[in-house]
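Comments concern the structure below.
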Amino acid sequence: GVSHVLTLVLQELSLLCKRDVNGVGMLYDLLRSRWLQALLKIYECLQHYLGKRPVPVMLQARALNREVVELLREAPPSGEIKELRRLLRAPHFKASPALLSAHDTVAQKDFEPTLPPLPDNIPENEEAMRIVCLVKNNQPLGATIKRHEITGDITVARVIHGGLADRSGLLYAGDKLVEVNGVPVEGLEPEQVINIL
């Protein structure tokens with residue numbers, strides 16, 4: 001991994017350092033520093049974790065929770081059943097429907113928006129077009145729009161640094177808006193487009 005490559009580089013640098021080549025000593029010290037070694041170990045651990053890609057044990061935890069609760073109601077009382085009932089009534093399980101619903105959404109990868117398919121009849125000489133999907137969640141878009149003086153198109157006038165559009169990296173000043181939320185914007189005033197946004 002990265003640590004092995006760094007070890008090899010350090011071995012080579014130690015030979016150059018003995019010959020006192022300009023700047024090699026400083027580079028050698030930097031590469032041997034504890035903080036860099038720690039960062040590389042963290043990086044390798046993260047890469048190892050990302051390589052594993054943990055998968056959920058089940059996709060329908062919420063349905064299983066309901067089934068268990070129903071079975072507990074019908075089961076004859078015993079020490080284990082009483083203990084399980086007590087656990088399921090604990091405060092951290094009170095919010096379990098929302099928690100389990102969120103788990104199921106992530107497990108089923110049902111959190112990404114779906115885009116309509118591209119039409120089949122796009123001419124070859126058509127300008128390149130990007131379909132951008134931004135989920136706002138009650139936050140401002142972080143971009144202003146205007147009508148282009150010559151073409152009359154609605155375009156992105158400015159992308160505000162740190163805003164949603166900027167953080168997404170999907171919208172740029174000068175981009176032409178063709179449609180917003182499935183509504184064509186040709187012929188609309190910028191104020192009307194803002195209301196759609």
For residues 153-163, tabulate all N or O donor-acceptor pairs below 3.5 Å that involve a side-chain atom, not counting sequence neighbours.
| from | atom 1 | to | atom 2 | distance (Å) |
| --- | --- | --- | --- | --- |
| Asp153 | OD2 | Thr151 | OG1 | 3.1 |

With a sphere of 6.0 Å drawn around CD of Glu83, does it hold more than 12 non-hydrogen atoms of other residues, nucleotides or ligands? yes
Tell me if the CD atom of Glu186 is crowded by more than 12 foreign heavy atoms within 6.0 Å. no
Where [X] and [Y] come nearest, the two heavy atoms and their spacing:
X	Y	answer
Ile81	Pro76	CD1-O, 3.1 Å
Ile194	Ile145	CG1-CD1, 3.8 Å
Ala143	Ala165	CB-CB, 4.2 Å

From [X] [atom1] over to [Y] [atom2], what is the distance, rounded to the nearest 0.5 angstrom?
X	Y	atom1	atom2	answer
Ile196	Glu179	CD1	CD	10.0 Å
Leu177	Leu188	CG	CG	10.5 Å
Leu170	Asp175	CG	CG	9.5 Å

Contact check, side chains of Val178 and Val185, non-hydrogen atoms, under 4.5 Å: no
Only counting residues at least two apart or in another chain, list the ones meeting salt bridge (charged side-chain N to carboxylate O under 4.0 Å, His left out) with Glu74. none
According to a 4.5 Å side-chain heavy-atom criterion applied to Ile, Leu, Val, Met, Phe, Trp and Tyr, with indirect links allowed, do Leu39 and Leu46 form part of one hydrophobic cluster? no
When you check the gap from the basic side-chain N to the acidic O, do Lys41 and Glu44 get nearer than 4.0 Å? no
Do Gln192 side-chain atoms and Glu189 backbone N/O form a donor-acceptor pair below 3.5 Å? yes
